[in-house]
Amino acid sequence: MFLGVDGGGTKTAFCMVDRSGQVVARAQAASSYYFSHGIELVEGVLKEGVEAVCAAAGLTPADIEYAFFGLPGYGEATRDLPVLNATPRAVLGHDRYACDNDMVCGWAGSLGAVDGINVISGTGSMTYGERLGRSVRVGGWSEMFGDEGSAHWIAVRGLNAFSRMGDGRLPEGPLAEVFRRHLDLASDLDVIDVVHNQWQGDRSRIAALSRSVAEAAALGDEAATEILTDAGRELALLVEVTRERLEFGPDETVPVSYSGGTFGAHTVLEAFATGLKNRFTNYELRHPLYEPVVGAALYAAKIAGTPLDQPALDALRMASGISASGGEDR
């Protein structure tokens, strides 16, 4: 029995998979992104989720052969690593687990834990790739000065376009009315109160506005369409740099996949695919095989030295149909 945990900026997903490729149980808990709320948040979220998924499976943590915890922010504050690495021990009661950044979940799920590159675009954005035992991460520098192409990045640019439309610095398009309706604004300036005072600049709530940008683009808003197109291009650039750093040869096929809710916007995925083609002819864009939380369970089995065999992988694939967005937010 293998436990996969995929932490994210919006929620944390838990999944128990057995050797035959059956998803035995699932559970969900709050976000485990701790930078805004303190590192003590992580243990509470993991405890709640592990208890829930074990209860759903009719098992105890002792029955878990191995677990993998993909945690948002892991590796981005070196001083926190000892605490993060020790936290699952208090929850499981044993040492049969490993921790890393949640980017590994997206990669393992989308590509089935084989060499290649996965780009995550949910609340934040980054790439993770492996080749011949080497791994590389690119991006994920936080919403304040990075995370290009992410939901938060899209939302902030949408808010900027809204403010410019409100002033008359940008011709008003459908985006203005979409934001007014979604945020229930009595006047355009009330957006300041909503984002800064009511939301307190909350990362997840701001990122959710990317859906309003996508809605406006679908209604023909040129500014919104440009924002989504730029997002796809930025994500393609992340992949290109990852390929170079992994030293894929000029004639090698490079498997690429994607995960995160931002890819649910057709304009983003289309611009991303076009950007890849324009940069390197041997990219092979693959639809995600499994959602990130299932990827975490697969990675747990791999780390334990007992990876699932092909019949089990096929059964898991049949049982875990995923959306075009490829699963969870980061």
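For reference, positions follow the sequence shown, starting with 1. None of the values given here were measured: they were computed from a predicted structure.
- Judged purely by atom type and a 3.5 angstrom limit, Asp63 uses its side chain to pair as donor or acceptor with the backbone of Thr60.
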Output, in order, the C-alpha distance, side-chain angles, deciding distance and verdict of side-chain hydrogen bond (donor to acceptor under 3.5 Å, both in side chains) for Ser150 and Ser125. CA-CA 5 Å; Ser150 69; Ser125 67; 4.7 Å; no

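- In summary, Arg157 and Glu234 do not engage in a salt bridge, as defined by a charged side-chain N under 4.0 Å from a carboxylate O.
- Side-chain atoms of Ser110 do not come within 3.5 Å of backbone N or O of Ser257 as any donor-acceptor pair.
- Donor-acceptor pairing under 3.5 Å is lacking for the side chains of Asp6 and Thr12.
- Around CH2 of Trp141, the count of heavy atoms belonging to other residues, nucleotides or ligands within 6.0 Å does not exceed 12.
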Stepwise side-chain hydrogen bond (donor to acceptor under 3.5 Å, both in side chains) check, Asp147 with Ser142: CA-CA 6 Å; Asp147 283 352; Ser142 87; 5.8 Å; no

Take Glu51 and Lys47, measure what salt bridge (Lys or Arg N to Asp or Glu O under 4.0 Å) needs, and give me the verdict at the end. CA-CA 6 Å; Glu51 288 178 352; Lys47 186 174 187 296; 2.6 Å; yes

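- In terms of modelled atom types and a separation under 3.5 Å, the side chain of Ser121 and the main chain of Gly149 share a donor-acceptor contact.
- For Asp100 (side chain) and Gly70 (main-chain N/O), no donor-acceptor pair under 3.5 Å exists by modelled atom type.
- Under the 4.5 Å side-chain contact rule for hydrophobic residues, Leu189 and Phe162 share a cluster.
- For Thr253, the side chain to side chain contact (heavy atoms under 4.5 Å, CB included) test picks out Glu284, with sequence neighbours left out.
- Remark: Ile64 pairs with Leu3, Met16, Cys54, Ala67, Leu92, His94 by the side chain to side chain contact (heavy atoms under 4.5 Å, CB included) rule, at least two apart or across chains.
- Annotation: Asp95, atom CG; neighbour count of heavy atoms from other residues, nucleotides and ligands within 6.0 Å is above 12.
- Checking side-chain atoms of Arg317 against main-chain N and O of Leu289 turns up a donor-acceptor pair under 3.5 Å.
- Remark: the backbone N or O of Ala312 is paired with a side-chain donor or acceptor of Asp309 at under 3.5 angstrom.
- With sequence neighbours excluded, no residue forms a side chain to side chain contact (heavy atoms under 4.5 Å, CB included) with Gln200.
- Remark: Leu84 CG to Phe69 CZ distance equals 12.0 Å, nearest 0.5 Å.
- Considering all non-hydrogen atoms of both residues, Asn85 and Tyr74 come closest at OD1-OH, 2.7 Å.
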Anything under 3.5 Å between a donor and an acceptor, one on a side chain of residues 263-274, the other on a protein residue two or more places apart or in another chain? List them.
residue, atom, partner, partner atom, Å
Thr274, OG1, Glu270, O, 3.0

Dump the intermediate steps for salt bridge (Lys or Arg N to Asp or Glu O under 4.0 Å) on Arg137 and Glu76, then the final yes or no. CA-CA 11 Å; Arg137 162 188 169 154; Glu76 295 167 13; 2.8 Å; yes

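- The closest donor-acceptor contact from the side chain of Arg131 to the backbone of Leu246 lies under 3.5 Å.
- Each salt bridge (charged side-chain N to carboxylate O under 4.0 Å, His left out) pair with one or both residues in residues 236-246, not counting sequence neighbours, appears once here: Glu240-Arg243.
- Between Glu215 and Arg211 there is no salt bridge, since no side-chain N of the basic residue sits under 4.0 Å from a carboxylate O of the acidic one.
- The pair Glu143-Arg203 counts as a salt bridge, with a side-chain nitrogen and a carboxylate oxygen less than 4.0 angstrom apart.
- Looking at Asp193 and Gln198, their side chains do bring a donor and an acceptor atom within 3.5 Å of each other.
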Quick one, Val119 with Val138, criterion side-chain contact (heavy atoms from CB on, under 4.5 Å). Give me CA distance, side-chain angles, the key distance, then yes/no. CA-CA 9 Å; Val119 59; Val138 175; over 6 Å; no

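- Judged by the 6.0 Å and 45° rule, Arg89 forms no cation-pi pair with Tyr97.
- Judged by distance alone, the side chain of Asn101 and the main-chain N or O of Val104 form no donor-acceptor pair under 3.5 Å.
- Side-chain atoms of Asp115 come within 3.5 Å of backbone N or O of Leu132 as a donor-acceptor pair.
- A donor-acceptor distance shorter than 3.5 angstrom exists from the side chain of Lys302 to the backbone of Ala113, with no hydrogens or angles considered.
- For residues 218-233, the set of pairs meeting the salt bridge (charged side-chain N to carboxylate O under 4.0 Å, His left out) definition, not counting sequence neighbours, comprises Asp230-Arg233.
- Two rings, from Tyr299 and Phe68, have their centers less than 6.0 Å apart.
- Between the side chains of Thr242 and Thr127, at least one donor N or O lies within less than 3.5 Å of an accepting N or O.
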Ile120 vs Tyr128, side-chain contact (heavy atoms from CB on, under 4.5 Å): CA-CA, chis, key distance, verdict: CA-CA 8 Å; Ile120 305 167; Tyr128 177 79; 5.7 Å; no

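- In Arg79, the CZ atom is not crowded: 12 or fewer heavy atoms of neighbouring residues, nucleotides or ligands sit closer than 6.0 Å.
- If you chain together hydrophobic residues whose side chains sit under 4.5 Å apart, Met144 and Val156 never meet in one group.
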